[in-house]
Every structure is written in structure tokens, then in C-alpha cells.
Amino acid sequence: MRIESKVERQAPFSLQVEGETLRAYPGETIATVLVERSPVIGHMANGDAQGLFCNMGTCCLCMVTILPEGRRVRACLTAAEPGMEIGLG
Amino acid sequence: MRKADVLIVGGGLVGCATAWHLARGGAQVTLLEAGDIGMGASGQNAGSLHFQLERRFLENGEALAEQAARTAALSRLAIDDWRGLEAELGADLHVVMDGGLMVAETAEQVGVLERKIARENAEGLATRLLDGDEARAIAPYLSAGILAAGFSGDEGHADARAVTRAFAEAAAHAGAILRMRSPVTSARRLDRGFEIACADETLQGDRLVIACGAWTAQICARLNLHMPLFPVALLMNATERTAKGLRHLVQHVGRRLSMKQTHAGNILIGGGWPARLAQAPDGTFDPRRRPEMIAASLAGNMRAAIDTAPFVAKLNLIRSWTGVTAISADQLPIVGEVPSMPGCWVAGGGSAFTLGPTFARLMAQAMGGRAAPELDIVSPARFEHLNSFMG
Ligand SMILES: Cc1cc2nc3c(=O)[nH]c(=O)nc-3n(C[C@H](O)[C@H](O)[C@H](O)COP(=O)(O)OP(=O)(O)OC[C@H]3O[C@@H](n4cnc5c(N)ncnc54)[C@H](O)[C@@H]3O)c2cc1C
Ligand code: FES
């Protein structure tokens, strides 16, 4: 998923999404990590799979929960941080 | 020149629903909409189906409350219309009619509720009073501070974005011609019938229906008629989606509040908090431009929501918007044929999401020759004194 050629990244760190340990690089948003995991980040009321929509903070379709405190944030605007625990839904 | 049996100005819920009823009854109908279907109040509103007397009718004296209670016959018809609408239109409109609560937080408000319910029952509406615990038993999300609630089993909500479109599609399917982006710029009475024009077409019709919401007075003025409908600007808000938990329409008898959960899970919060209408350079109100939000309205609306259903405090507000609707000089809707101008019908004002489908059906019925006495109470006849020097 990530561009690999001619890109230098800092060392990755790990974080948890729905209990899965995933990898992220400094500067990436939570949305980047989610999309690499799966384009499906939730489900609509009718059961259809749902992904990110605007990726710029407008639609609020990408809201995730920062655990354990339960704060709801927009994944596309929030930087991934080492050790974060994220819940979908 | 194109001719029609009926010309309709305005493609909101009322115009589109009227077009549908008339077209399926065999009339040749042409509807002209200035922008797109549902871009006025019909696409901006809260989608509440409210059949309890509205708070605004309870805080302006007994006479108004009494008069408003007499529109209960229309509410009773609207309940049946909404229960059948999805099947009739063959569309999923997210109609939910699981009941509605109008809550009270003070002893004084409980008194208002009691008087309101007595009025409604006398008019044949089956509302009943629940005490705080009874209300929380069916609506566990309500705050401990709620002392009582008026409950109507028929109240609920529907998706405002879907309803007007569905009426428009059904109207087109039944043979009505719907023209978008065609603002009507002139309207006049002929010896027989009416003539209206937009930029690229002039049309004649035996009858004219003016269903332009907040713009009704402007089109009436083209016909040299006064119509006391005024634009008002309101605030709406939506929270992020959350698990299903709020089944009812929730309103407040003493504070401006309406609350419901959409099919997708968002909580829609409104209830009549004002926004500021835009003004044209000449100082008149311009309903076409988006009204400005008033910070105090937003704060007050959220406070009322949280005091009523505390779980709302945990949710993010993801959107607020303003919309323009029409209010009449006496707050009741204005629907019917203008006595001094036979053939000219007006429909505007009031809670015409809830009542619009019924207004449309009854107007079409009356135009078809079958009297609709339920509309008498909202007839424009009560404002004819304003037109005694016009015409
Ligand atoms: C924020 C808000 C919340 C509301 N909440 C509720 C609610 O919960 N329940 C409820 O029952 N009611 C509610 N209402 C009221 C309800 O939305 C309106 O009563 C209803 O939608 C009116 O429908 P309408 O077809 O008469 O008008 P509109 O939907 O306003 O349609 C009028 C149409 O006429 C068009 N038009 C104007 N001028 C011209 C012209 N010159 N030529 C051609 N077309 C023209 C406009 O573009 C517009 O599309 C709310 C209103 C607002 C603004
Ligand atoms: S994807 Fe639209 S706000 Fe994040």
C-alpha cells in the first residue's frame, strides 16, 4: 500500500486496532493505518460496508474511539501515535 | 405556448405531492421549481412527524391554543397518510412511527402538558400523560429531571431528504412535468386561467398552485395579492452516529427541542432555535441565501438536548445547518383557494413536513370537485381583508 521506492521513512511503531497490532510511521494518520488494514472501517445501518469518504475532516464517516478513555476522533485528521489503542464502531 | 390543467410553482414537499395527486387523478400538471427538488425547507427540515400540539401554540395564550387544537382533524388524517406513504409511493422513506414524548421538567410545565392533553383528547387525538418513571420505563435515555411526558403513539420521523424526491418521482411517473432550475418570474391572471413565465417558457393553466414556502408572498405579489407568510430561519444539528437507543421523537413542552435518531444512527437535534435571515441589499429578507448561525441558539439547543437526554453530551456534533421556512401571521398554515381569485390555490406555512402530504391530498381532492372541509380552518379566506383593496 505505501509507496516504497525513493521514500525514506523513520522507524515504524506499533499500535492496536480492534486488538490487532499494526504498524505505522511517524506522521501518518489513523486513517492511513486503517486503510492499510482494510478499506472497510465500519458498516452502514443497512449492513453495507463503509469506508472513508472525504479523508479531509468533513464527512465524519471515519470516527473511531481512542481507548481506554473513549474519546471519539476523526481518523483522517488524527495522527497515529505509538501504543495507541483504537476501537472501531 | 404550452398549456396545462394545473400549474404548480415550487418543488418542495407540498408542490411535488400535489403534482402527484393531481397527475394520478388524470390532470395535466406542470411544476416549475426555481432550483432543485427539495432544496427549500423540505430538504432542510428535522423530519419530525409531530401530532401533539406544538409548544409554539401553547405559550401564546389560550385563544391560539384553542384554535390550534382545532387542526387536530388534519393531524388525524396525517397520521393515516404517513402510515400508508411508503407503500403508496413504493419507496423506503425511513418512516418510523414508534411514538413521541413531549417532556416537562417543572411543575408549571406539567400543568401545561395536562391542559394540552385535555385539549387533544377532546379533539380525538389519543395523547396521554406519563409520569417521569413511566416515561423513563419506555424511554430509558431520559434524564432523571423529567417529571412527566405527553405520549402520542403515532409520532415519529421520516427522512426529509428522501420524502420530497419520492413524491417528485411518483409525480413524474404519473405524467406530471417537473421543470428544475426554472424560477417563475411573472404570474398573471387571464380572463380564464393563469399565465406564468420562467426565463425560457411561458405557460398557461386553468389553475395555479402556489407552493413556494417562504417565497409564497413574492409570487402572490406578482398576482397583486397579499399573503401573510413570512420567512423564518431555523437551526438544525446532527451528532455522529451512535448505537440505536432513541426510538421516539422527543420534544419539550417548555423549551425548544426536537430530537430523534436517524436510520444511520445520528441524533438530529432541532426544535425551532432561530438563525438570522440574510438580507438583500435593499434591506428586504432574502430567503434564497443561507441564514447565519446564532451561537446562542446552538448552545441553547445543545443544553436542552443534554438536559433531556444526558447521553447526548458524549456525542460529537458533526454538523449544524440553517434552513428557511414560512410562518403565517396567525401561525396556522394557509392552504386552499384564494376566495378573491378563484382558481388560485396557496399552500404554505406551518409544519408542512408532517402535514404537507395531507394538504396536498386534500387540495387535489377539492380541485377534483370533492369538498375537503378539513381544510376550512386553514383556508386563506381568513386573510381576505388584506386583499379587499387588491385584485
Ligand atoms: C430547519 C427546519 C426544520 C423544520 N422541521 C420540521 C419538522 O420537523 N416537522 C415539520 O412538520 N416541519 C418542519 N419544518 C417545516 C417544513 O420543512 C416546511 O413546512 C415544509 O418543508 C414546507 O414545504 P413547501 O413545499 O411548502 O416549501 P419548500 O420546501 O420551501 O419549497 C418551496 C420551493 O419553492 C421554490 N421556489 C421559490 N420561489 C420560486 C419561484 N419564483 N419559482 C419556482 N420555484 C420557486 C423553492 O426553490 C423551494 O424549492 C422545518 C423547517 C425548517 C427550515
Ligand atoms: S473521512 Fe471524512 S471526516 Fe474523515
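Sequence lines set the chain letters: A, B, ... in the order given, protein chains first and strands last, and positions in each chain run from 1. Please read these numbers as outputs of a predicted model, since none were measured by experiment.
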Test item: side-chain donor near acceptor, A:Thr65 and A:Arg72, under 3.5 Å | yes
In terms of heavy-atom pairs under 4.5 Å with chain A, the winner among B:Ile318, B:Leu315, B:Thr262 is B:Ile318
Does atom CZ of B:Arg165 have more than 12 heavy-atom neighbours, drawn from other residues, nucleotides or ligands, at distances under 6.0 Å?
-> no
May I have the step-by-step check of side chain to side chain contact (heavy atoms under 4.5 Å, CB included) for B:Ile146 and B:Glu105, ending in yes or no?
-> CA-CA 5 Å; B:Ile146 299 303; B:Glu105 282 177 295; 3.8 Å; yes
Options B:His263, B:Lys314, B:Lys244, ranked by heavy-atom pairs under 4.5 Å with chain A, top entry = B:His263
Residue B:Phe285 excluded, over 12 heavy atoms near CZ under 6.0 Å = no
Applying a strict 4.5 Å limit to non-hydrogen atoms, the region of B:Arg319 in contact with chain A is side chain
